[in-house]
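Residue numbering restarts at 1 for every chain, and letters A, B, ... go by the order of the sequence lines.
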Amino acid sequence: MIQYEKALNPKQLEAVTTLSGPLLVIAGAGSGKTRTLIYRVARLVEHGVDPQAILLLTFTRKAAQEMLDRAAQLADPRCRLVSGGTFHSLAHRILRAHASILGFSNGFTVIDRSDMEEILHSLLPDLSLSNTGLRVPKRGTLASMMSKAANLEVPVEQLVADEYPQFIDFAVHAGRLGRLYARYKKKNQLMDYDDLIIYLRALLMEHPELRQRLARRYGYIMVDEYQDTNRIQAHIVKWLGHEHRNVMVVGDDSQSIYSFRGADYRNMFQFPKEFPEARIIKLEENYRSTQPILTFTNAIMERAKERYTKCLFTRREGGAKPRVVNTLTEPEQAVFVVRTIQEMLGRGRRLRDVAVLFRAAYHSFELELELARAGIRYVKYGGFKFMESAHIKDLLAHLRAVLNPDDAVSWGRILRLIPGIGRAKSQDIIEWIRQTGTGPSALKEWPGRAPEKVRNALAQLSELLVKLTQRDITPSKAVEMTLEYYGPFLEQMYDDYPRRRKDLEQLALMASRYQRLRKFVDELVLDPPTSSVDLTQGLPDDFLTLSTVHSAKGLEWSVVFIIWVMEGRFPSAKALNDPLAVEEERRLMYVASTRAKDELILCYPSKEDSHPWGYEHYLYGPGSNGLSSFVSGLPPEIVSYENADRVHVREEFTRQSPWQHPDPTAASAGDSDFMPGDKVEHPAFGPGVVSKLVDREKVEVLFRNAGRKLLHLAYTTLHRI
DNA sequence: CATCACGCTGTTTTT
DNA sequence: CAGCGTGATG
């Protein structure tokens with residue numbers, strides 16, 4: 001029997017014991033929001049509600065899984081049967097069964113962001129703009145335009161006019177492109193992330209009998225992170241819940257940081273209007289951070305424009321003020337962070353108690369080099385996506401072409417792997433496949449002209465695809481067979497073949513956890529592995545966490561570093577000119593700092609310097625960019641301002657004179673001397689090529705996978721490959 | 001079809 | 001600075 005009264009504070013208890021009717025819980029950071037949800041699941045199950053009738057919608061699938069695991073441990077193992085997941089995974093589950101009502105095949109393919117970009121890109125020529133001199137956005141920007149228009153339910157033309165003034169002349173073409181894209185998806189049986197939720201809502205709105213069936217099936221709805229939902233998702237909640245009205249939404253308007261994908265925290269304010277009888281409960285007691293940290297975060301949020309007023313407090317006594325540390329330059333900042341961590345380790349802290357947070361994934365590159373040099377193990381969340389690397393996409397394309405023969409993106413991808421087949425020929429073959437409709441076995445009978453070599457390759461591909469079509473094939477077997485076929489291509493294309501091969505073997509391992517090929521492929525798109533850890537499973541026993549703020553949501557550490565890096569115009573220009581962007585920056589800062597339990601350290605490089613790419617001079621530091629401007633005005637009672645000790649650091653990093661290799665013609669004699677052009681391997685960055693010798697200890701290396709290409713590196717962390 | 005030189009442009013976060 | 005698109009060449 002669970003002792004709810006002992007485990008929960010009065011507000012939490014009220015939320016947990018309100019089992020029916022609409023309920024809005026405004027839960028500040030660290031106020032036991034997750035705990036409340038877990039106990040409520042337990043309570044519902046304890047009161048005899050069928051676990052499968054409970055729908056727990058969270059922001060990531062992992063979050064749902066963890067909550068249900070904890071509920072199961074706490075109360076009843078049956079809590080694991082609760083239907084949990086993201087809006088997208090719910091939509092996917094339902095659409096797999098009912099997409100045919102909408103004129104889709106139930107065998108549709110879910111495409112990810114990069115597929116979307118590729119399709120949009122491939123449709124550009126159809127707009128016939130080549131000689132008009134019109135400025136056309138890049139594929140990534142095009143995808144953002146389409147996605148945001150879809151999520152905000154605004155015509156593409158209008159969205160471009162409103163949010164991309166630099167592309168105003170393109171707006172009308174963007175609208176045309178959007179229609180071409182929609183037609184393309186229909187024709188090829190594809191749905192992107194946005195389609196999933198849009199079509200789910202369409203099902204609910206336009207098919208009352210199905211809506212009723214689903215609403216009855218999910219008699220109790222709980223939505224976490226409600227501030228991050230968009231209007232479409234809010235509609236889905238409304239349609240599913242408007243009959244039984246057992247809807248609990250939990251969120252914190254101050255933590256809304258997803259407006260870039262259409263999220264609107266005003267959904268929180270809307271909820272009581274949609275459900276007028278809703279109870280509203282505020283959780284303001286914080287169980288995570290010390291008071292000085294909360295004073296800091298409250299001070300940041302005080303000046304926010306529109307919000308549910310709430311003020312975090314704690315009963316935790318003591319604790320130091322957040323430190324704002326000027327580290328002069330970015331390399332020095334990395335050294336400062338590493339040294340501070342080392343000192344903490346000396347005082348008995350463990351690495352797993354510490355996290356370093358930053359805004360964008362590449363902001364940690366400099367730090368990663370320093371960590372590697374110091375031998376500190378870390379796991380990084382956010383940023384580079386395993387799923388988006390070319391070799392993974394290539395392999396999956398084979399599987400997807402088999403699962404959905406209409407998927408021309410995948411067909412194009414696998415056909416173009418064959419030397420001698422490019423854009424034109426692959427188009428031809430795809431068209432032919434579509435017309436004859438005889439499936440993969442017919443590939444070798446393609447009537448077009450091609451050299452013997454290409455024919456043979458096509459025959460081999462056809463053989464593979466036929467094998468993949470066998471009904472009883474297991475996902476891991478399928479991956480293995482594809483790897484056998486694809487391996488030789490891979491070896492030819494990349495000089496870092498061994499590493500990529502290893503990735504693909506990992507993929508085979510992941511596949512072995514699934515029974516059905518389709519399920520495996522779908523889950524990879526809907527729930528892509530976000531860090532290398534997810535792939536390897538085994539973790540080192542102690543490790544530091546590096547994370548983007550977005551990926552750090554819902555997590556906590558004893559010590560949190562927030563680092564800024566030198567950057568040109570972003571976020572300064574936009575953040576300082578766009579009031580909405582300023583507010584989002586503010587909330588980002590709030591999310592980042594409320595992850596800290598005991599110590600919060602904010603670092604910024606302040607040195608006046610030229611932009612690394614040669615832009616005009618500008619000043620880094622508090623006030624100069626979006627994040628730091630919130631910190632600069634705070635009085636010393638709230639934060640302590642410091643300068644990092646840089647006596648030794650300076651020495652290390654100010655040696656500017658280019659160092660000449662003693663003898664450029666001599667083959668480096670067996671040890672650590674590198675030459676430009678040497679291929680090297682780095683523990684964090686993988687393979688790279690030496691481009692320049694900087695001094696006795698440092699070389700510049702060109703890394704293939706790093707967004708920022710040139711980096712200084714100590715010899716000791718490199719080895720030749 | 002593949003490769004190279006040239007010119008233009010410049011935001012990041014995730015399902 | 002470096003990625004990306006374009007247009008010319010092999």
* To do: Take the protein atom NZ of A:Lys148 and the nucleotide atom C1' of B:dT15, then report the distance between them rounded to whole Å.
  => 16 Å

* Are the aromatic rings of A:Tyr226 and A:Tyr265 close, with centres under 6.0 Å apart? -> no

* C1' atom, C:dA2 versus B:dT13: distance in rounded Å? -> 22 Å

* Structure fact -> Against the side chain of A:Phe260, the closest entry in B:dT15, C:dG5, B:dT13 is B:dT13

* Asked: Taking atom P of C:dT6 as reference, at what distance in whole Å does atom CG of A:Leu124 sit?
  -> 8 Å

* Structure fact -> Whole-Å distance, A:His363 NE2 to B:dT11 P, equals 13 Å

* Rounding to a whole Å, what distance do you find between A:Glu118:CD and C:dG5:P? -> 12 Å

* **Whether A:Phe108 and A:Phe104 hold their rings parallel, tilted or perpendicular, with breakpoints at 30° and 60°** => perpendicular

* Structure fact -> Of the candidates B:dT12, B:dT15, C:dC4, the side chain of A:Arg261 sits closest to B:dT15

* Structure fact -> Side-chain contact check for A:His121: nearest option of B:dT14, C:dG5, C:dC4 is C:dG5

* Examine the side chains of A:Tyr590 and A:Gln255 and answer whether a donor and an acceptor come within less than 3.5 Å of each other. => no

* Looking just at side-chain N and O atoms, do A:Lys380 and A:Ser547 make a donor-acceptor pair shorter than 3.5 Å? -> no

* Can you check side-chain contact (heavy atoms from CB on, under 4.5 Å) on A:Asp228 and A:Ser256, steps first, answer last? -> CA-CA 6 Å; A:Asp228 287 329; A:Ser256 157; 4.2 Å; yes

* To do: Would you mind classifying the nucleic acid contact of A:Phe87 as base, sugar-phosphate or nothing, using non-hydrogen atoms under 4.0 angstrom?
  => nothing

* Return the nearest nucleotide to the side chain of A:Lys138; candidates are B:dT15, B:dT12, C:dC4. => C:dC4

* Of the listed nucleotides B:dT14, B:dT15, B:dT13, the one nearest the side chain of A:Tyr258 -> B:dT14

* To do: Would you classify A:Arg139 as touching base, sugar-phosphate or nothing, given that sugar-phosphate means primed atoms plus P, OP1 and OP2, and contacts are heavy atoms under 4.0 Å?
  => sugar-phosphate

Check the interface with nucleotides 1-8 of chain B: list each N/O to N/O pair with the protein under 3.5 Å, or write none.
unit_1: B:dC1; atom_1: OP1; unit_2: A:Ala424; atom_2: N; d: 3.2
unit_1: B:dC1; atom_1: OP2; unit_2: A:Lys425; atom_2: N; d: 3.0

* Do the side-chain N and O atoms of A:Arg595 and A:Thr545 include a donor-acceptor pair separated by under 3.5 angstrom? -> no

* To do: In whole angstrom, give the distance that lies between atom CZ of A:Phe170 and atom P of C:dG5.
  => 13 Å

* Are A:Thr548 and B:dT14 close enough that a side-chain N or O sits under 4.0 Å from OP1 or OP2? -> yes

* Asked: Where each residue is assigned the nucleotide of DNA chain B containing its nearest heavy atom, which of A:Thr141 and A:His88 is assigned the position nearer the 5′ end?
  -> A:Thr141

* Audit row: A:Arg231, A:Asp264, salt bridge (Lys or Arg N to Asp or Glu O under 4.0 Å) steps and yes/no -> CA-CA 7 Å; A:Arg231 204 165 77 193; A:Asp264 189 347; over 6 Å; no

* What nucleotide, of B:dT12, C:dG5, B:dT14, holds the atom closest to the side chain of A:Arg113? -> B:dT14

* To do: With P as the reference atom in both, quote the distance from B:dT12 to C:dG5 in angstrom, rounded to an integer.
  => 16 Å

* Asked: How long is the line joining NZ of A:Lys62 and P of B:dT15, in whole Å?
  -> 10 Å

* Touch check for A:Ser89, heavy atoms < 4.0 angstrom, all strands: base, sugar-phosphate only, or nothing? -> nothing

* **Between C1' of B:dT15 and CG of A:Asp522, the distance in whole Å** => 14 Å

* Let me see the working for A:Phe260 and A:His550 under ring-ring contact (aromatic ring centres under 6.0 Å, His included), right down to the final yes or no. => CA-CA 12 Å; A:Phe260 67 89; A:His550 286 86; 5.7 Å; yes

* A:Arg359, nearest nucleotide to its side chain (from B:dT12, B:dT15, B:dT13) -> B:dT12

* Structure fact -> A:Leu357 atom CG is separated from B:dT13 atom C1', nearest whole Å, by 13 Å

